[in-house]
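Below is one structure; the comments refer to it alone.
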Amino acid sequence: MKIYVDKIPEGGIELTEKIYPEALLIDTEGIIFVKPVDIKANILKAGAEMFADIALEAPVEYTCNKCLSKFEGVFKKKFNLIREVKPAEIVELDDEIRQEIILDYPMKIVCKVECKGLCPNCGQNLNTGECDCSK
Ligand SMILES: [Zn+2]
Ligand SMILES: [Zn+2]
């Protein structure tokens with residue numbers, strides 16, 4: 001997302017943009033961004049400072065760490081940042097956006113709290129039924 005500092009009006013401006021996940025390089029093991037990330041930014045300028053209130057939202061596909069099943073979710077985050085800017089500067093926010101997304105990745109992804117995972121012996125998904133190993 002690019003912000004043209006000289007185009008920010010007195011009362012601020014709301015910008016929206018979709019950023020393709022390929023452009024942000026945010027896919028990781030366990031989280032795949034299946035659609036573009038919706039970005040809404042409220043930009044305000046006061047003197048030499050620019051204030052940005054940013055809201056991100058994107059549908060994602062998670063992979064459970066325990067049973068490897070895939071499930072859908074929504075990644076949401078709000079954050080704000082302050083930057084010192086020059087009058088005709090073009091501010092590129094993609095790097096900040098990427099970092100904020102990565103900071104919010106869950107440490108552990110599980111499909112449900114009581115997920116039983118896979119049998120270490122035969123690989124059977126124990127949520128869908130017991131295997132014969134324990135017998
Ligand atoms: Zn699971
Ligand atoms: Zn088993």
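Note that the numbering runs from 1 along the sequence shown for the chain. Start at 1 and go down the list; that is how both ligands and their atoms are numbered. Model, not experiment: these values are computed from the prediction.
- Cys122 contributes SG and Cys119 contributes SG; the angle these two atoms make at the Zn ion (ligand 2) is 110°, rounded to 10°.
- Judged by distance alone, the side chain of Asp6 and the main-chain N or O of Pro87 form no donor-acceptor pair under 3.5 Å.
- Between Tyr105 and Phe75, the ring planes lie perpendicular to each other; the angle is over 60°, past the 30° to 60° tilted range.
- Here the angle centred on the Zn ion (ligand 1), running from SG of Cys111 over to SG of Cys64, is 110°, rounded to 10°.
- Between Cys67 and Leu126, the closest side-chain pair of non-hydrogen atoms is not below 4.5 Å.
- The Zn ion (ligand 1) lies at the vertex of an angle of 110° between the SG atom of Cys67 and the SG atom of Cys115 (rounded to 10°).
- Residues Glu89 and Met50 form no side-chain contact, since every pair of their non-hydrogen atoms from C-beta on lies 4.5 Å or further apart.
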